[in-house]
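Structure record follows, encoded as structure tokens.
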Amino acid sequence: MIGTRSSFSEGAVLKVVQWATGGVGVAAIKGVLEHPELELVGCWVHSDAKNGRDVGAIIGTEPIGVTATNSLEEILALDADAVIYAPLIPNPDEVAALLRSGKNVITPVGWLYPSEKQAAPMRAAAVEGNATLHGTGIAPGGISEKFPLVFSAMATGVKFVRAEEFSDLRTYDAPDVVRHVMGFGGAPDTALSGPMQKMLDGGFIQAVKMVVDHIGFKIDPRIRATQEIAVATAPIDSPIGVIEPGQVAGRKFHWEALVDGEPVVRVTVNWLMGEENLDPAWTFGPAGQRYEMEVRGNPDFTVIIKGFQSEAGEDGPESGVVATAAHCVNSVPAVCAAEPGVVTYPDLPLISGKAAPGLAGRAGHPA
């Protein structure tokens, strides 16, 4: 059977399918192609225009000998060990079908730290296919829970954990998502009642619960989710065209776990169309765009990570998109070796990147 654990011997090359070829998908394909333990054997695409094309043409390289398909049945029939599943919105039925076909699934769009109710149908499908499902990513899926937990080991008596994103959305090259999903460029009331809060809640509430459970806070029953809006005070150039005064030009989302009404874990997203002409007059502060993680205990400390956000006007893919894909790609061997079911970060061993071609030695063996 495809995906049986006995087939994943040391040094074996694992056969990978990429599902969807948006920004994360294209970066994941490139990551698979340069990973010494992985081989790309298939690619699912949404559009008829990409169906039947060589994947190299889709990602802007020379042909690589793998043809894209928009047929689920063709993907299910492939001899493959893993699927990197990266659509904009997950379809649980697709994921379950992939798992039942014996393919391990690594995804940045769900199942990061699922409740028993969320995990149960996926676990059943995974056990049936002798496969494993793992949710990963960057925020959530790394910055919001995995890395704060790692850093929290440097403190005792932990009282508070915070993970926060500060990003300039002018570099996010997905106009339809920015306008119609994120709600930028529209009326504040429409944005506040739009789909973004609900879409984000699933992953970020799971991230908060992972931190809560592993640090051991005894929290109030409900995770508090809130949002704030900033509007333009003058025209702002953006990926969706000019944002006019009074239209949405900044958004903040907060998720908080509380003990007696006071936050002990907070995850926040700050998305701004630049730092000028906003009301309220939000800015990123002197540190600029970044991810920031804070632990209060003995001692208190803050960790700032820069480099995952592009600056306005820079060419090339957003670094955070590439990092999200890399986290998926580098997780494939560990997920393929894991027990069947649904696995989260604490269930897996240390995951690292791999040396660039030309610099690689024999990994994992001291000289």
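Only heavy atoms go into these numbers, but all of them, side chains included; no hydrogens, no water, no symmetry mates.
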Looking only at atom types and distance, does a side-chain atom of [X] sit under 3.5 Å from a main-chain N or O of [Y], one as donor and one as acceptor?
X      : Y      : answer
Glu294 : Thr302 : no
Glu39  : Lys15  : no
Arg251 : Ala191 : yes
Lys103 : Leu78  : yes
Asp220 : Gly261 : yes
Glu262 : Leu258 : no
Gln309 : Asp168 : no
Gln197 : Leu192 : no
Gln18  : Ala20  : yes
Asp54  : Ile64  : yes

Minimum side-chain heavy-atom gap Glu164-Asn270 below 4.5 Å: yes
Are side-chain heavy atoms of Val41 and Val66 found at a separation under 4.5 Å? no
Please walk me through it: do Leu98 and Leu76 pass side-chain contact (heavy atoms from CB on, under 4.5 Å)? CA-CA 6 Å; Leu98 292 167; Leu76 295 177; 3.9 Å; yes
Counting the benzene-type ring for Trp, do Trp44 and Tyr85 have ring centres under 6.0 Å apart? no
Give the cluster check for [X] versus [Y]: same hydrophobic cluster or not, with ILVMFWY residues linked at side-chain heavy-atom distances below 4.5 Å.
X      : Y      : result
Val24  : Val109 : no
Val264 : Phe151 : yes
Val303 : Ile138 : yes

In this structure, are over 12 heavy atoms from other groups packed under 6.0 Å from Glu276 atom CD? no
Do you see a donor-acceptor pair shorter than 3.5 Å between the side chains of [X] and [Y]?
X      : Y      : value
Asp81  : Asn104 : no
Ser144 : Tyr291 : no
His254 : Glu228 : yes

By side-chain contact (heavy atoms from CB on, under 4.5 Å), Ser71 pairs with (sequence neighbours left out) Thr69, Glu73, Glu74
With sequence neighbours excluded, what pairs up with Gln118 under the side-chain contact (heavy atoms from CB on, under 4.5 Å) test? Pro114, Ser115, Gln206
Just do the side-chain contact (heavy atoms from CB on, under 4.5 Å) check on Asp237 and Arg170 with the steps written out, would you? CA-CA 8 Å; Asp237 290 331; Arg170 293 177 300 172; over 6 Å; no
Value for CZ (Arg100) from CE (Met122), rounded to nearest 0.5 Å, stands at 8.0 Å
Give me each pair satisfying ring pair (Phe, Tyr, Trp, His ring centres under 6.0 Å) with a member in residues 155-191, each pair once, sequence neighbours excluded. none
Going by the angle between their ring planes, with limits at 30° and 60°, are Tyr345 and His134 parallel, tilted or perpendicular? perpendicular
